[in-house]
Amino acid sequence: MKVFLDSANIDEIKQANDWGLLDGVTTNPSLIAKEMKKGLEFKKILKSILEITPGPVSIEVIGTDYETMMKQALKVSELGNNAVVKLPFTTDGLRATKSLSDKRIPVNSTLIFNGIQALFAAKAGAAYVSPFVGRLDDIGEDGMSVIEQIKTIFTNYEMKTKILVASVRSPLHVLRGMIMGADVVTLPFDVLSKLPSHPKTEEGLNRFLKDWENAFGNMDFPL
Ligand code: E4P
């Protein structure tokens, strides 16, 4: 399973990359707006993210009609070889997904909330579908069950589109996604930072170091 960072913050992206955990990045207008409020420029933010990230970077258009979406999407795709155009799942979004996929421009179909939307996006040629699990949990549904449905549907119809688990709020979403066979999970930085730690790992390491210190004091590593 690929691990993407759901962020437009350059420091977070650099850090995830340094940890060797960055397969790609997803952004959205809310995440970009947060960075632009700090005085950073739109194109510069995107260029830096595309440069640092070793894999695909999803960049969302803000147009809602087909023509505007296409105009913005083509500009996004020119930013770098690893740019993926993110389009909302609407009828205009579907039409643009089809046109861009026909031109071999990868599309991430976003704001997916059920299996039917996912199959339609896949039929239009989307490279990724992004079901928002956390936002479904927020309204009392089980977001991860939608991932299970989409996995079954894509297997039934041999769709090549990748399932990207989005709107992730906890390590449990990640674990369940792995078990279900999702292709990608995109994580906010706070969830990514929680994943590698385990109290027993920390406790075990402290014990090893204490035993060493008790035996040899501050002696250097003898090699
Ligand atoms: C996905 O690509 C979206 O950017 C993201 O996962 C939305 O998550 P949120 O519900 O935490 O805003």
How about [X]: does its [atom1] atom have over 12 heavy atoms from other parts shown lying under 6.0 Å from it?
{"X": "Ile62", "atom1": "CD1", "result": "no"}
{"X": "Asp211", "atom1": "CG", "result": "yes"}
{"X": "Lys194", "atom1": "NZ", "result": "yes"}
{"X": "Ile116", "atom1": "CD1", "result": "no"}
{"X": "Glu202", "atom1": "CD", "result": "no"}
{"X": "Lys210", "atom1": "NZ", "result": "no"}

Query raised in the report: Checking side-chain contact (heavy atoms from CB on, under 4.5 Å) for the pair His173/Val191: CA distance, chi angles, key distance, verdict?
Result: CA-CA 10 Å; His173 280 146; Val191 177; over 6 Å; no

Query raised in the report: Looking at residues at least two apart in the chain, or sitting in another chain, which of them share a side chain to side chain contact (heavy atoms under 4.5 Å, CB included) with Ser145?
Result: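 Expected list: Asp142.
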
Query raised in the report: Between Thr186 and Pro188, what is the shortest heavy-atom contact and its length?
Result: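 For Thr186 versus Pro188, the nearest heavy atoms are O-CD, 4.1 Å.
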
Query raised in the report: Which atoms form the tightest heavy-atom contact between Lys14 and Ile52, and what is the distance?
Result: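 Of all heavy-atom pairs spanning Lys14 and Ile52, the closest is CG-CD1, 3.8 Å.
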
Between [X] and [Y], is there a side-chain N and carboxylate O pair less than 4.0 Å apart?
{"X": "Glu67", "Y": "Lys71", "answer": "no"}
{"X": "Glu148", "Y": "Lys151", "answer": "no"}
{"X": "Glu78", "Y": "Lys75", "answer": "no"}

Honestly curious: do [X] and [Y] fall in one hydrophobic cluster under the side-chain, below-4.5 Å linking rule?
{"X": "Met178", "Y": "Phe4", "value": "no"}
{"X": "Leu175", "Y": "Val184", "value": "no"}
{"X": "Leu21", "Y": "Val57", "value": "yes"}
{"X": "Ile59", "Y": "Val84", "value": "no"}
{"X": "Val3", "Y": "Met180", "value": "yes"}

Query raised in the report: Does the pair Val165 and Met144 meet the rule for a side-chain contact (heavy atoms from CB on, under 4.5 Å), with working shown?
Result: CA-CA 9 Å; Val165 184; Met144 289 309 294; 4.2 Å; yes

Report task. Test Phe89 against Phe113 for side-chain contact (heavy atoms from CB on, under 4.5 Å), laying out the working first. Result -> CA-CA 9 Å; Phe89 184 91; Phe113 290 95; over 6 Å; no

Within-4.5 Å side-chain heavy-atom neighbours: [X] and [Y]:
{"X": "Glu35", "Y": "Leu31", "answer": "no"}
{"X": "Val174", "Y": "Met1", "answer": "yes"}
{"X": "Phe189", "Y": "Gln15", "answer": "yes"}
{"X": "Ile147", "Y": "Arg176", "answer": "no"}
{"X": "Val133", "Y": "Val146", "answer": "no"}
{"X": "Ile10", "Y": "Glu51", "answer": "no"}
{"X": "Thr53", "Y": "Leu22", "answer": "yes"}
{"X": "Arg135", "Y": "Arg169", "answer": "yes"}

Report task. Compute the ring centroids of Phe208 and Trp212, then answer whether they are less than 6.0 Å apart. Result ->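 They do not qualify: ring centres at least 6.0 Å apart.
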
To the nearest 0.5 Å, what is the distance between [atom1] on [X] and [atom2] on [Y]?
{"X": "Leu50", "Y": "Ile45", "atom1": "CG", "atom2": "CD1", "value": "12.0 Å"}
{"X": "Lys160", "Y": "Asp183", "atom1": "NZ", "atom2": "CG", "value": "11.5 Å"}
{"X": "Lys123", "Y": "Ser101", "atom1": "NZ", "atom2": "OG", "value": "13.5 Å"}
{"X": "Asn28", "Y": "Asn108", "atom1": "CG", "atom2": "CG", "value": "10.5 Å"}

**Report entry** Residues which pass side chain to side chain donor-acceptor pair (under 3.5 Å) with Thr90, listed by chain and number, not counting sequence neighbours
**Finding:**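 Thr90 satisfies side chain to side chain donor-acceptor pair (under 3.5 Å) with no residue once adjacent residues are dropped.
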
Query raised in the report: For residues Thr26 and Tyr128, is any side-chain donor paired with an opposing acceptor at under 3.5 Å?
Result: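 No.
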
Query raised in the report: How would you list, by chain and number, every residue that makes a salt bridge (Lys or Arg N to Asp or Glu O under 4.0 Å) with Lys98, sequence neighbours excluded?
Result: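 If we apply the salt bridge (Lys or Arg N to Asp or Glu O under 4.0 Å) test to Lys98, skipping adjacent residues, the hits are Asp102.
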
Query raised in the report: After noting the C-alpha distance and the side-chain angles of Met70 and Arg95, does the key distance pass the side-chain contact (heavy atoms from CB on, under 4.5 Å) rule?
Result: CA-CA 10 Å; Met70 285 300 291; Arg95 188 177 158 205; over 6 Å; no

